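Working notes, structure below.
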Amino acid sequence: MPTARDLTITEVRLTPILVADPPLLNTQGVHQPYTPRLIVEIVTADGTTGVGETYGDTKYLELARPFAEQLKGRKVTDVNGLFALLDEVAVAAARVDNAVDVGGLRGVQTADKLRLSIASAFEVACLDALGKSLGLPVHALLGGKIRDTVEYSAYLFYKWADHPEGVPAEKDDWGAALDPAGVVAQARAFKERYGFGSFKLKGGVFPPEEEIAAVRALAEAFPGHPLRLDPNGAWSVETSVEVAEAVGGILEYLEDPALGTPAMAEVAARTGVPLATNMCVTTFAEIKEAFTTNAVQVVLSDHHYWGGLRNTLHLAAVCRTFGVGISMHSNTHLGISLAAMTHVASTVPGLHHACDSHYPWQSEDVLTERLTFEDGAVRVSDAPGLGVTLDHDRLAALHRRWLEDDGALRDRDDAAAMRIAAPDWLPPAVPRW
Ligand SMILES: O=C([O-])C(=O)C[C@H](O)[C@@H](O)C(=O)[O-]
Ligand SMILES: [Mg+2]
């Protein structure tokens with residue numbers, strides 16, 4: 001007879017941390033030297049622990065704390081119940097009224113999206129604990145992997161060599177990338193270190209002509225490799241169409257060239273270039289307009305704000321129904337989230353594009369062993385749960401950094417980080433070009 005397991009949640013630990021981040025440029029500004037993340041641990045009565053990870057900014061912490069309190073006494077098998085609890089977590093109006101999320105780079109901000117961004121970390125932690133308890137990998141709990149490896153793309157950024165002088169920061173070894181030659185050199189380093197075969201350039205930083213030149217240089221240096229360009233909605237429809245005409249033929253897709261579904265629909269109608277998004281379709285409510293106006297051809301899911309791994313599968317099913325492709329978006333994240341992304345991606349049918357991941361930019365992690373890329377892919381773990389182990393010493397050290405911060409870095413603000421180098425900097429009005 002199998003022994004009964006007690007999967008009642010007895011303890012929930014929330015650990016906010018600050019993680020080193022290089023000076024990566026985007027249309028809003030530059031990444032801070034340290035970025036907030038929240039690590040969630042769930043402990044069950046039989047001593048099983050599950051881990052999850054999500055955004056660590058104050059607005060997420062203030063929701064995660066009351067939510068965590070409600071979980072005690074519930075079972076990790078009650079994953080649907082997590083979502084029923086969400087409505088009970090109050091979101092202050094000031095967090096959503098006219099607010100955009102970090103730097104405006106992840107689409108609308110709604111109370112539900114904030115709540116889902118919290119629930120996702122708890123869902124992952126529950127699935128990790130359940131998998132460990134049953135001796136099954138998370139992908140098995142999602143119906144089973146249909147591929148053994150998940151391919152990722154190199155996430156290229158325009159970048160300074162260092163954070164501004166005098167700003168405490170960890171040194172990175174990527175160097176600067178501020179022109180086509182620098183972007184190609186960065187892509188070569190990504191290929192050499194991790195074997196990536198697809199390249200995405202974060203654009204919206206320099207005038208479109210310069211970014212067109214960088215894409216052309218990439219195409220010349222890496223013939224036949226899929227390329228993407230993502231200016232985070234910084235261009236007008238006219239500029240988007242001009243860029244599409246200039247480099248559409250060498251792009252796998254153009255990502256969020258213009259802001260909002262109507263603008264994306266117009267660009268899509270006027271060009272033959274597939275459009276991807278992690279800005280105009282970031283909630284289920286936005287799907288209908290975008291799909292019925294043919295505004296996007298690929299949705300980049302992100303299990304953090306879509307509300308977890310099972311919601312990602314629901315999104316994938318809707319995309320499949322409408323003949324829209326699916327792949328994955330990424331912000332700064334650690335190995336717990338890379339493991340979660342890899343498990344869910346291994347179960348998604350028709351995943352035809354390499355997923356995004358910031359992970360190579362993160363020199364720090366909270367795991368005993370970093371996840372690795374081979375030929376640009378992460379092997380899907382068959383170990384119980386997510387297949388990762390938390391390093392409590394590392395976690396404590398990164399939490400100490402958070403505790404010692406005076407609050408300046410606890411909320412990611414790319415425009416404020418830019419003002420250290422350019423005091424007059426304000427997030428540019430959109431469209432910027
Ligand atoms: O694909 C995207 O739009 C992103 O990854 C948005 C991110 O916020 C990225 O631009 C960043 O972290 O600078
Ligand atoms: Mg994007």
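Each ligand, and each atom within it, is numbered from 1 in the order the structure gives. Small disclaimer: the values here were computed from a predicted structure and weren't measured.
The distance criterion of under 3.5 Å between nitrogen or oxygen atoms is met by Asp230 with respect to ligand 1. For Asp414, no nitrogen or oxygen atom sits less than 3.5 Å from a nitrogen or oxygen atom of ligand 1, counting backbone and side chain alike.
With a heavy-atom cut-off of 4.0 Å, Met279 does not touch ligand 1 at all. At a 4.0 Å heavy-atom cut-off, ligand 1 does not touch Leu24 at all. In Arg228, neither the side chain nor the backbone holds a heavy atom less than 4.0 Å from any atom of ligand 1.
At least one N/O/S atom of Asp230, whether from backbone or side chain, sits less than 2.8 Å from the Mg ion (ligand 2). Using a cut-off of 2.8 Å, one finds that Met279 contributes no N/O/S atom close to the Mg ion (ligand 2).
Not a single heavy atom of Gln28 sits less than 4.0 Å from an atom of ligand 1. In this structure, Glu255 is part of the shell of residues with a heavy atom less than 4.0 angstrom from ligand 1. In this structure, Thr332 falls outside the shell of residues with a heavy atom less than 4.0 angstrom from ligand 1. Ligand 1 lies out of reach of Met328, whose nearest heavy atom is not under 4.0 Å from it.
Taking a cutoff of 4.0 Å between a charged side-chain nitrogen and a carboxylate oxygen, Asp382 and Lys145 qualify as a salt bridge. The residues Lys191 and Asp375 are annotated as not salt-bridged, no charged nitrogen and carboxylate oxygen being separated by less than 4.0 angstrom. A salt bridge is defined here as a Lys NZ or Arg NE, NH1 or NH2 lying under 4.0 Å from an Asp or Glu carboxylate O, and Arg228 with Asp230 fails to meet this definition. Between Glu364 and Arg401 there is a salt bridge, with a side-chain nitrogen of the basic residue lying less than 4.0 Å from a carboxylate oxygen of the acidic one. Under a 4.0 Å N-O distance rule, the pair Glu88/Arg115 does not qualify as a salt bridge. Salt bridge Arg412/Asp21: absent, no basic N to carboxylate O contact under 4.0 Å. Between Arg216 and Glu220 there is no salt bridge, since no side-chain nitrogen of the basic residue lies less than 4.0 Å from a carboxylate oxygen of the acidic one.
With respect to the Mg ion (ligand 2), Glu255 has OE2 as its nearest N, O or S atom.
Ring geometry for Phe222 versus Phe199: interplanar angle of 30 to 60°, hence tilted.
Of all atoms in ligand 1, numbered sequentially from 1 with element shown, those under 4.0 Å from a heavy atom of Asn331 are 6 (C), 7 (C), 8 (O), 12 (O). Of all the atoms in ligand 1, the ones that sit under 4.0 Å from a non-hydrogen atom of Asn232 are 2 (C), 3 (O), 10 (O). Listed by number with element, the atoms of ligand 1 under 4.0 Å from a non-hydrogen atom of Asn26 are 11 (C), 13 (O). Here is the list of ligand 1 atoms found below 4.0 Å of a heavy atom in Tyr155: 1 (O), 2 (C), 4 (C), 5 (O), 9 (C), 10 (O). Which parts of ligand 1 touch His31 is read off a 4.0 Å heavy-atom cut-off, strictly below it: atoms 11 (C), 12 (O), 13 (O). Near Lys200, meaning under 4.0 Å from any of its heavy atoms, are these atoms of ligand 1: 1 (O), 2 (C).
In this structure, Arg410 forms a cation-pi arrangement with Trp402, its terminal cationic atom sitting closer than 6.0 Å to the ring centre and no more than 45° off the ring axis.
Note: His343 NE2 to Ser381 OG = 4.5 Å, rounded to the nearest 0.5 Å.
By the 6.0 Å contact criterion, CD on Glu369 is open, its count of non-hydrogen atoms from other residues, nucleotides or ligands being 12 or less.
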